Structures are given as C-alpha cells and as structure tokens.
There are 2 protein chains.
Amino acid sequence: MLETVTRMKTANAREALLEPARKADSEKRGRKASKEVRQLQLIEATIDSLARRGYSETTMADVADGAGLSRGIVNFHFESKEKLLVATLQHMYDEYSAHWRNALQRAGDEPANQLHALVCADFDRSICNKRKLAAWCAFWGEAKSRPTYQALSSARDAVYQTIFIDLCASLKQSGGYAYEPQVMALALSAMLEGLWLRLMMGTEDTTRETALQAANEFLSVAFPKHYPLKAAVKP
Amino acid sequence: MLETVTRMKTANAREALLEPARKADSEKRGRKASKEVRQLQLIEATIDSLARRGYSETTMADVADGAGLSRGIVNFHFESKEKLLVATLQHMYDEYSAHWRNALQRAGDEPANQLHALVCADFDRSICNKRKLAAWCAFWGEAKSRPTYQALSSARDAVYQTIFIDLCASLKQSGGYAYEPQVMALALSAMLEGLWLRLMMGTEDTTRETALQAANEFLSVAFPKHYPLKAAVKP
DNA sequence: ACTTACTGAATGAATGTTCAACAAATGATG
DNA sequence: CATCATTTGTTGAACATTCATTCAGTAAGT
C-alpha cells in the first residue's frame, strides 16, 4: 500500500538473510520471509531506533517503520516490547561474546598476544561503532532498574573478567611484576569500558584510533616487559 | 538561572538539603516553603526516581509523590518534565564540579598530590554512591540522542580533561616518563569513568574500595617515581 | 486585599496491545 | 495439474492505558 508490492520468493529471502540491515525499501514489505529473517530484521531496526532516539523514545511504531513493516508485526514475532528489547540485548551480547572469543582463539598460546588481541577486539569496527555503542549505552542506562537487563548488560561479564585476571596473573609471573592480578584486571577492563563510553558520547577528541592508542599505552606501562614502549601509532 | 537554584543558602534550604529524601508526611505537604527549597526538593526526588526506576520509568507523578506533593507541582516550579530533568542534570553537574575543584584546591601545589586528590575525590562517598551513580547512568543512556544533555552529561568535561593532561605533563617532566600526556590522561580518565560504570552496575565484585585500589594501582604503574608501589590506602 | 504557592480533577496526546480480516505459501485431493 | 483447504505471516484500525499538561479553585502568607 505504501509501497509497490512485489513478489518475493525464496531467493529474495536468502538475500535478505545475508543483508539483514539493508534499507531496501522495495521488496521488504512484500510477503513472506522466514521467521528468523524477520526477527533479525526487527532486531536490527530496534538497534537503529535505540541509537537514533534513545531508549525512552524507542517505540514499537518506530521499529516497525524502520523495518518497513506494519504496526502489529512486532507483537506477532515477539510477544511484547519488553521481549523485543531483551532479544535485542541478547543478540548484541551474543555477537560481542562471539567476537572476543574468536579473537582470543586466533591469538595463539602466548598470554601477551592473547591480552593484546582482546584489547584490540574491543575496538574493532564491527563491534565498536556509533550505532552499536549507542545501543549498548541505552541499555546501560536502564540496566540498574531492570533485573532482566542486568545480567546481559555488562558485556564484559564474569567469564571475560576471569580470563582477564588469568592473563594478568600469567604476565605477572613471566614478567616479575608486583601488582595484584585481580586489581590490574579490574583497572584494565574498566578503562576499556570507559573508552567505550567516551566514544559513544561522541566528544570529537576521542576516536577509535586514539582510544586504542590509550589502551595500548596502558598495556605498555602496566606490562613494560611484554609491550615495550615505542611508537606503535601514527599521527 | 539554573545555577542560582542550586546556590541558595537560607536556613530552611539547608535543612531540606541535609534531609532531602525524608518521607516526612507531616509538615511537607503543608504550605509554604521558599521557591528554592521546593525546587531542590523536587530535584532530589527526581534523582531518587531515576535511581529507583530508571529514566524511561520516571514520571512526574512519581517525582511529586516522592516529594510528598501534589501532581501539578512540577509544572508549577519547572515548566515541563524536560526542564525538570535538565535542571536535575545541571544540579548534579554543579555538585560534581564543585567537589573536584575543592579537592584540587586542598591538594596544594604538588602535581602528584593534585592528581591523587582528583582520583580520590571521584570515589568519595558524597559523590560516588548508588543513588547518584544510577542517576548519572540514566542520563548517559539518553545523552547521545539529546543535545541538551550531551554537554552536561560527561561529568568530566573539557576543563577537567585539560587539567588531567597538564598534570600528566608535569609528572612526565619531573619523573622522566616516556608517554604522551594526552594519551595517558585519556587512559586515566576513561578508567575512572569505567570504574563508575562498574560500581553502578552493582556487580558485587566491585566496591568503592576496590575501585579506588584499582585507580591507585594505575597511578603506581603509570607514575612509579611519584607513587611508589606498596600498600595502597584509603583517605 | 492581594499575591504567591499549591491542589487535583479534567484533558488530550502518545503508545503498547489486541484482533478480525486478509494474503501468501503449503498441502491435500481429484 | 487445477482446485480447494489449511496453515502461517501480515495488516491496520480499534482499544485501553499511561502520562504530561492545563487550569479553575483554594489556602497560606503578607
């Protein structure tokens, strides 16, 4: 009605699966697509809305419009707004989790490389961009008063923290440092989150590059034997 | 205008300031109180509501109830909900700003002492408590999509950051360190914000004491000549 | 008497949810 | 293969609720 209706077959559905966030305004409002595709599509539209308007201004209508679908659609695929938001948070959590686990695996067995890989992973474009950071922050703002969000909202959860502590302990032993691993791991992970917050706020003095630079500087002063200080960056 | 609200000093105002969250159902709903007292009272009730229910669930009715006043009261003292929230954020900003400026002034002329004082100030009970942190985070979650909040929402603003950079530069010179002051200042201030975020989330592994400990550990590894590593202590 | 602070019911706008109707895919049947 | 039946996905209007705002009225202070 709003747009011309075109027949959409399985080929198009597959295409939509590969490009779920596309703005394609032509075929989307068509007919069928697999349940998973539609849900993904709605979740992406939710992230968009969160990033654009913030948590409190994100409405079902805006999500539906953003996906190019009708108003009632969200309640069909997700039971309620609340459940849509939980699913969205879960999706972001899964994505983030998979990302750092993958980075860790590719880093080999050397603890110093592993820690560096984790730090770098945090500032990867696929994870660390305005849209996603804004969505994360929208959830953070509500997490304290919503038990359901709390568990998922700290992207860097207990497992992540444990790995950080273990890595710090390894480096301490091999480098002969004096600090307490738990304390250093807390300082490090807190700094990473703080840099995210800075990036999200969008003060122009902090970019993804300078944030990564600051994180590396931290590694250099905390673990000088493993990350010798020199110019790792360019202007 | 908004600043004058937070800067009032009648006897009644001070009394209300000391016991802002009081439930007193007897005298409050009574009749008169100075305009400033009422506004302060409503701002405190707003912080309560933000901390208890989060930004999106904070309603005018809840604020009015929390203050023990009638429904229409907020629109009388503040023109709208939006303006109430801006005034609340401004109030928190002023308070935070005054706090670290005061700490800086008391620290004397030694840069090392000044930096340490700023770090400690961040974890002072009067500033760093569940209620206030939750309110900060509520605003952070909305800041990106609200220009009005953006300027005020980064409690540690441009001035603060400049002071950090200058202090890092001073310490670099007197200690002969190799880092770039800007980068180190960013790492440090980001870590402080990240620790706040942790505290706010309320994961039980992070307390005000362990957060301060982590911050001091950072100072020790970044500026070893100025903060020799040993028992990190509290004020 | 006059001003100022305050009340609380009324109002209207915004928004999440429901649902009856509809359309597309799939399956069944001859 | 054509036709009908059933299931599944989708729509959009109607509904109910929540909530910010308004305002006429009231009471306290001066």
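The structure presented is a predicted model; accordingly, all values stated were derived computationally and were not measured. Note on naming: letters A, B, ... go to the chains in the order of the sequence lines (proteins, then strands), and numbering restarts at 1 for each one.
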S.K.: Could you check whether the rings of A:Phe139 and A:Tyr55 sit parallel, tilted or perpendicular, using 30° and 60° as the cut-offs?
M.R.: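 Answer is perpendicular, since the angle exceeds 60°.
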S.K.: Using five pairs at each end of the helix from C:dA1-D:dT30 to C:dG30-D:dC1 to define an axis, what is the angle between those two axes, to 10°?
M.R.: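 Result, rounded to 10 degrees: 10°.
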S.K.: If you assign B:His77 and A:Gly72 each to the DNA chain C nucleotide with the nearest heavy atom, which residue ends up on the more 5' nucleotide?
M.R.: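 Checking each residue's closest nucleotide, the 5'-ward one belongs to B:His77.
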S.K.: To the side chain of B:Phe76, which of D:dA20, D:dT21, C:dC6 is closest?
M.R.: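 Closest nucleotide among those given: C:dC6.
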S.K.: What nucleotide, of C:dT17, D:dT21, C:dT7, holds the atom closest to the side chain of B:Met60?
M.R.: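 The nucleotide sitting nearest to the side chain is D:dT21.
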S.K.: Starting from P on D:dC19, measure out to CZ on B:Arg53 and report it in whole angstrom.
M.R.: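 Distance, rounded to whole Å: 7 Å.
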S.K.: Whole angstroms only, please: what is the CG-P distance between B:Asn75 and C:dC6?
M.R.: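 Checked: the CG to P distance equals 14 Å.
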S.K.: Among C:dG16, D:dC19, C:dC6, which nucleotide sits nearest the side chain of B:Ile73?
M.R.: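 Among C:dG16, D:dC19, C:dC6, the one nearest the side chain of B:Ile73 is C:dC6.
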S.K.: Heavy atoms from C-beta onward define the side chain here; which of D:dA20, C:dT15, C:dC6 lies closest to that of B:Ser70?
M.R.: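 Within the option list, the nearest is C:dC6.
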S.K.: When you get a sec, tell me which of C:dA5, D:dT22, C:dT7 is the closest nucleotide to the side chain of B:Arg38?
M.R.: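 Closest of the options to the side chain of B:Arg38: C:dA5.
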S.K.: Where does the angle between the aromatic ring planes of B:Trp136 and B:Trp196 fall among parallel (under 30°), tilted (30 to 60°) and perpendicular (over 60°)?
M.R.: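 Answer is tilted, since the angle falls between 30° and 60°.
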S.K.: Checking B:Ser49 side chain against B:Ala45 main chain: does a donor-acceptor pair fall under 3.5 Å?
M.R.: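 No: the side chain of B:Ser49 does not pair with the backbone of B:Ala45.
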S.K.: Look at A:Lys35 and D:dG9 and indicate whether a side-chain polar atom (N or O) is within less than 4.0 Å of OP1 or OP2.
M.R.: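 Looking at the OP1 and OP2 atoms of D:dG9, one of them is under 4.0 Å from a side-chain N or O of A:Lys35.
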S.K.: Quick check against the 3.5 Å criterion: does A:Gln114 have a side-chain atom that pairs as donor or acceptor with the backbone of A:Leu167?
M.R.: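 Such a contact is absent between A:Gln114 side chain and A:Leu167 backbone.
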